Amino acid sequence: MVPSTKSSPVKSPLSSPEASTSSARTSPVSNSKASASLEGQSEQLSEQIKPATVEEESKTSIDSEEDDKPLSSRLRMKPKPQKKTSSPVSGKRPLDEANVSEQSSVKRPKVPDSSASAKNKQVSAKKEAKEEEDDDFITIADRAKKVMSDNKSSVALTKPKKVTKMGSSSIKKTIKKDKKGSNFSKYSKSTNMAPSSNDGQEKWATLVHNGVIFPPPYKHHGVKMLYNGKPVNLTPEQEEVATMYAVMKDTEYVQKKTFRNNFWNDWQKLLGKRHVIQKLDACDFTPIYDWYQNEKEKKKQLSKEDKKALQEEKLKQEEKYMWAIVDGVKEKVGNFRVEPPGLFRGRGEHPKLGKLKRRIRPSDVTINIGKDAPIPECPIPGESWKEVRHDNMVTWLAFWNDPINQKLFKYVFLSPSSSLKGQSDKEKYEKARMLKDYIGNIRAAYTRDFTSKDGAKRQIAVATYLIDKLALRAGNEKEDDEADTVGCCTLKVENVKAIGPNSLEFNFLGKDSIRYENTVEVEVPVYKAIIQFQAGKRGNDDLFDKLDTSKLNAHLKELMPGLTAKVFRTYNASITLDNILNKETKEGDVSEKLVVYQHANKEVAIICNHQRTVSKSHGAQMSKLMEKIGGLQGTLKELKTDLDRARKGKPPLEDANGKRKRNLTPEALEKKIAKTTEKIEKMEVDMRTKEDLKTVALGTSKTNYLDPRITVAWCKRHEVPLEKIFNKSLLEKFAWAMDVDFDFRF
DNA sequence: AATGCAACTTAGGACGGATGTG
DNA sequence: CACATCCGTCCTAAGTTGCATT
């Protein structure tokens with residue numbers, strides 16, 4: 001795919017290919033294809049873009065009155081009907097206020113984990129233990145005990161962990177009024193997490209695992225590619241790389257010159273300078289491509305049983321690598337498979353596209369494991385690990401150097417469902433919640449500094465503002481051998497256009513070469529500051545020349561302990577979800593509530609610019625839906641005439657095929673009409689959402705930005721089954737959030 | 001202060017099985 | 001039942017951040 005061509009949801013589904021003007025990177029190919037067939041429809045379906053109407057409220061500058069408003073209501077990229085209601089309410093939330101005052105009176109401990117509720121958890125966990133088909137060999141109760149004792153011991157024999165002050169903040173949680181049927185603790189396994197945050201501390205006391213599994217060796221297939229029309233003999237090594245290229249025939253990668261050049265370069269090294277094959281252009285890989293397609297087809301044609309058997313075989317081989325035992329608890333390992341060799345598939349215009357990513361061998365791999373644990377046997381006979389370490393200050397189980405960029409490491413970590421990951425996830429959200437208490441002052445401070453005499457200060461202020469308001473990423477410097485993308489600190493002059501009287505038009509490639517395109521009305525001082533930062537510079541110069549991420553983060557740390565740029569994204573995402581859910585959830589059935597949730601989720605995804613490419617079949621799908629609706633409208637018309645006739649005692653007209661229809665009573669016809677109308681309406685809604693979400697990825701925010709406790713609590717309050725929102729993986733990942741109080745607010 | 005290294009989180013796309021639909 | 005679409009899972013790239021070194 002060509003990520004850079006996606007139209008940005010930040011703007012609206014309407015942003016057309018030609019809107020993305022600048023940048024040589026823009027290849028309109030996929031974009032125009034995707035939208036061409038649909039141009040007319042999408043115009044009707046999607047909301048109009050207007051240059052962001054950041055209304056009155058934000059012109060009055062950000063003052064503390066507005067502080068707990070969700071970003072989405074402070075920043076209106078698209079006017080939305082239902083949002084009109086939001087302004088008078090002014091974001092005051094009784095529940096939240098209670099929270100805030102409570103928090104400000106009690107100094108928030110780093111991890112306000114509630115020991116009180118931990119007790120509850122154990123009880124409920126035990127209760128549910130039976131129905132949990134957790135394939136652990138340790139029971140939950142055992143695990144709880146184990147963790148408890150481990151904690152004690154590790155506290156005893158390691159540097160004092162911050163086990164202290166768990167009391168104060170947890171007191172509030174003792175009033176546990178559980179609503180009927182709203183207990184999700186069946187998903188919370190041992191919620192008993194190590195009680196402390198431990199940055200710079202031991203991450204585990206004991207660690208046992210079986211290392212990593214390597215991909216099978218290459219199987220020589222002997223299918224001959226053609227060179228100038230003639231079959232060529234290749235050694236297995238040469239053939240392997242040729243095959244990697246051949247099978248990518250219908251990806252967009254091979255269209256890219258960089259990809260082909262890099263591939264050729266690396267392949268030629270294997271062929272040798274004097275090989276018959278002298279240039280890529282004269283190569284015909286189709287025999288290999290066809291062979292591969294055929295193999296794939298064969299695999300697909302296997303019987304259900306055979307497939308299952310194959311799967312089980314694989315599972316059996318991998319079983320031992322799937323688990324680690326961390327402090328006596330069996331935990332899933334995340335990525336225990338070593339990455340197979342292949343051609344590098346970078347995103348966007350990555351300079352290393354197509355380079356051969358060589359095979360990783362045991363001698364590349366460093367293992368990290370408990371001192372007393374048996375060292376994993378090297379799975380390839382005759383070879384051995386590069387190194388074995390016993391470092392409990394880190395969480396990785398293994399790593400090797402990335403063959404594409406030797407300086408980088410590829411790590412093997414535990415899976416997101418592990419309590420190690422869960423704990424840091426929780427800490428992440430607690431930090432973001434802490435920002436709530438500081439955000440007012442922070443906003444006041446940067447607003448003040450928009451006009452600071454000190455240029456560096458001004459840049460920090462504006463950058464912080466953009467990170468807060470637009471949820472931009474920090475933006476580290478990048479090397480020349482990476483794709484040319486930017487974040488806040490690395491914005492170029494040409495990425496921002498000042499549009500009078502006080503709007504800014506952003507257009508740049510961010511992470512994963514996803515385009516960020518957005519026009520926003522900003523405070524006048526910001527507008528002026530940007531113009532001043534741009535003065536006398538060229539398009540490619542840094543907008544913030546006195547700033548980088550470490551300066552920025554150092555500054556943020558002075559405003560709140562542990563504050564960094566990315567916390568703003570988490571904070572704004574989660575508070576937006578919390579606010580929208582609580583504002584917009586009405587009485588109604590589950591499906592209506594799910595619509596509200598999805599809407600909130602979408603708002604967050606738009607704020608964070610989480611995009612996806614429009615599926616190849618999107619256009620076709622839409623036309624199909626249109627057709628269906630058209631058909632239904634036809635029947636509706638027919639039914640209406642029939643109703644008219646029936647009322648006059650006449651028989652229905654013949655249908656389109658000239659067939660006779662049954663005589664129906666007017667009542668029956670009315671019923672049918674109502675049903676059809678309903679069906680049409682439902683389809684129209686479906687179509688609108690589909691179109692609306694065609695470029696928006698909801699999953700990323702759900703997985704990484706939205707405090708799961710907001711969702712869990714909301715589900716409890718509104719009796720929505722959690723499984724409607726979290727799939728199995730997410731339920732596992734968020735086990736730590738399951739027994740949150742139903743009145744939890746972010 | 002700049003640079004480099006290390007460790008960890010966040011990200012979109014591919015793929016294949018599950019589920020819905022006619 | 002056949003097909004399309006949906007959805008979860010896997011994969012691994014691409015970020016952020018903290019800290020040590022120069």
Side-chain angles (χ1 to χ4, degrees), chain A residues 1-3 6 199-200 203 248 251-253 296 299-300 304 307-308 311 334-340 342 344-348 350 352-353 357 366 368 391 393-396 399 401-402 404-416 420-421 424-425 427-428 467 473-479 482-483 485-490 509-514 548-554 556-557 562-567 569-570 573 605 608-613 615-618 620-621 624-625 628 686 690 695-705 726-732:
Chain A
M1 295 301 95
V2 184
K6 292 185 196 178
D199 353 318
K203 300 294 201 308
M248 289 180 76
T251 69
E252 292 191 23
Y253 285 109
K296 249 184 13 189
K299 233 184 243 165
K300 237 185 7 205
K304 230 179 193 167
K307 277 189 196 163
K308 205 160 201 175
Q311 267 247 296
N335 52 328
F336 50 85
R337 287 181 205 91
V338 169
E339 294 174 15
F344 179 67
R345 297 152 105 109
R347 319 263 167 89
H350 194 118
K352 296 192 173 182
L353 239 38
K357 195 169 83 166
T366 299
N368 190 36
D391 183 355
M393 305 293 280
V394 295
T395 67
W396 54 266
F399 83 83
N401 287 88
D402 178 4
I404 291 296
N405 187 347
Q406 280 294 127
K407 287 183 294 197
L408 300 181
F409 302 143
K410 299 287 194 151
Y411 291 94
V412 174
F413 290 115
L414 292 172
S415 95
L420 216 55
K421 291 284 191 191
S424 75
D425 209 26
E427 281 162 18
K428 171 182 79 184
I467 283 169
R473 296 188 182 83
N476 286 298
E477 300 293 335
K478 298 192 73 181
E479 306 288 317
E482 299 176 274
T485 62
V486 301
C488 183
C489 293
T490 41
L509 295 183
K511 183 177 180 181
D512 294 309
S513 293
I514 296 293
D548 61 43
T549 51
S550 64
K551 284 176 196 150
L552 178 69
N553 281 335
L556 294 177
K557 290 234 151 42
L563 184 60
T564 63
K566 81 187 189 98
V567 180
R569 269 169 83 82
T570 312
C608 296
N609 199 32
H610 292 145
Q611 295 190 236
R612 56 176 186 160
T613 40
S615 87
K616 235 193 262 167
S617 56
H618 178 81
Q621 286 177 29
K624 225 192 226 159
L625 279 174
K628 261 192 212 161
D686 286 355
K690 200 187 180 85
T695 59
V696 185
L698 300 184
T700 307
S701 48
K702 218 189 247 183
T703 309
N704 299 304
Y705 288 103
F726 290 155
N727 63 30
K728 192 171 136 262
S729 311
L730 288 180
L731 288 171
E732 281 172 17

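A note on names: the letters A, B, ... follow the listed sequences, proteins ahead of strands, and every chain is numbered from 1. Owing to the predicted nature of the structure, the values given are computational and were not obtained by experimental measurement.
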Each nucleotide of nucleotides 11-16 of chain C classed B (base within 4.0 Å of a protein heavy atom), S (only sugar-phosphate) or -, in 5' to 3' order, makes SBSBSB
Its contact letters, B for base, S for sugar-phosphate only and - for none at protein heavy atoms under 4.0 Å, make nucleotides 17-22 of chain B read -----S
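Considering NZ of A:Lys551 and CG of A:Leu556, their distance stands at 14.0 Å, rounded to 0.5 Å. Rounding to the nearest 0.5 Å gives a distance of 10.5 Å between CG of A:Leu420 and OG of A:Ser415.
Although no hydrogens or angles enter the test, the distance criterion places no donor-acceptor pair under 3.5 Å between the side chain of A:Ser513 and the main chain of A:Leu509. A donor-acceptor pair under 3.5 Å is absent between the side-chain atoms of A:Asn368 and the main chain of A:Thr395, judged by distance alone. Judged purely by atom type and a 3.5 angstrom limit, A:Lys702 has no side-chain atom pairing as donor or acceptor with the backbone of A:Leu730. At distances below 3.5 Å, at least one donor-acceptor pair connects side-chain atoms of A:Asp391 with backbone N or O atoms of A:Met393.
A:Ser550 has no side-chain polar atom (N or O) that falls below the 4.0 Å cut-off from OP1 or OP2 of B:dA2. Look at A:Lys421 and you'll find a side-chain N or O under 4.0 angstrom from OP1 or OP2 of B:dT9. Regarding contacts with the backbone of B:dC8, a side-chain N or O of A:Lys203 is found under 4.0 angstrom from either OP1 or OP2. A close approach under 4.0 Å does not occur between any side-chain nitrogen or oxygen of A:Gln611 and OP1 or OP2 of B:dA11. Taking side-chain N and O atoms only, A:Arg569 has a distance below 4.0 Å to OP1 or OP2 of B:dA11.
Residue A:Lys308 is out of contact with every strand shown, counting any heavy-atom pair closer than 4.0 Å. If you check every strand for non-hydrogen atoms under 4.0 Å, A:Lys428 touches sugar and phosphate atoms only. Heavy atoms of A:Phe409 sit under 4.0 angstrom from primed sugar atoms or phosphate atoms, though from no base atom. If you check every strand for non-hydrogen atoms under 4.0 Å, A:Lys299 touches nothing. Contact annotation for A:Thr703: no contact, since no heavy-atom pair falls under 4.0 Å across all strands.
Mapping A:Phe399 and A:Thr700 onto DNA chain B by nearest heavy atom places A:Phe399 closer to the 5' end of the strand. Between A:Thr570 and A:Lys296, the residue whose closest nucleotide on DNA chain B is further toward the 5' end is A:Thr570.
For the pair A:Lys421 and A:Phe413, the cation-pi criterion (under 6.0 Å, within 45° of the ring axis) is fulfilled.
Rounded to an integer number of Å, the gap from A:Lys551 NZ to B:dT3 C1' is 13 Å. Distance, A:Glu252 CD to B:dG13 C1': 12 Å, rounded to whole Å. Nucleotide B:dG13 holds its C1' atom 14 Å from the CG atom of A:Leu353, rounded to whole Å. Following rounding to the nearest Å, A:Glu427 (CD) and B:dT9 (C1') show an atom-to-atom distance of 14 Å. Atom-to-atom, NZ of A:Lys690 to C1' of C:dC7 comes out at 13 Å; the value is rounded to the nearest Å. If you take CG of A:Asn609 and C1' of B:dA11, they are 12 Å apart, rounded to a whole angstrom. In this structure, CG of A:Leu730 is placed 14 Å from P of C:dC7, rounded to the nearest angstrom. Between the P atom of B:dT10 and the NZ atom of A:Lys702 lies a distance of 17 Å, rounded to the nearest Å.
Counted by atom type alone, A:Lys557 and A:Thr564 present zero donor-acceptor pairs between their side chains at under 3.5 Å. Side-chain contact check for A:Arg569 and A:Tyr705: at least one donor-acceptor pair (N or O, by modelled atom type) lies under 3.5 Å. Looking only at atom types and distance, the side chain of A:Thr549 has a donor-acceptor partner in the side chain of A:Asn476 under 3.5 Å away.
Listed nucleotides C:dC6, B:dC8, B:dG12 differ in distance to A:Thr395; the shortest reach to its side chain belongs to B:dC8. Distances from the side chain of A:Lys557 to the nucleotides C:dT17, C:dA4, B:dA11 place C:dT17 closest. When distances run from any side-chain atom of A:Ser617 to the nucleotides C:dT9, C:dT5, B:dA6, the shortest one goes to C:dT5.
Using the six-membered ring where Trp is involved, A:Phe399 and A:Tyr411 have ring planes that are tilted, between 30° and 60° apart.
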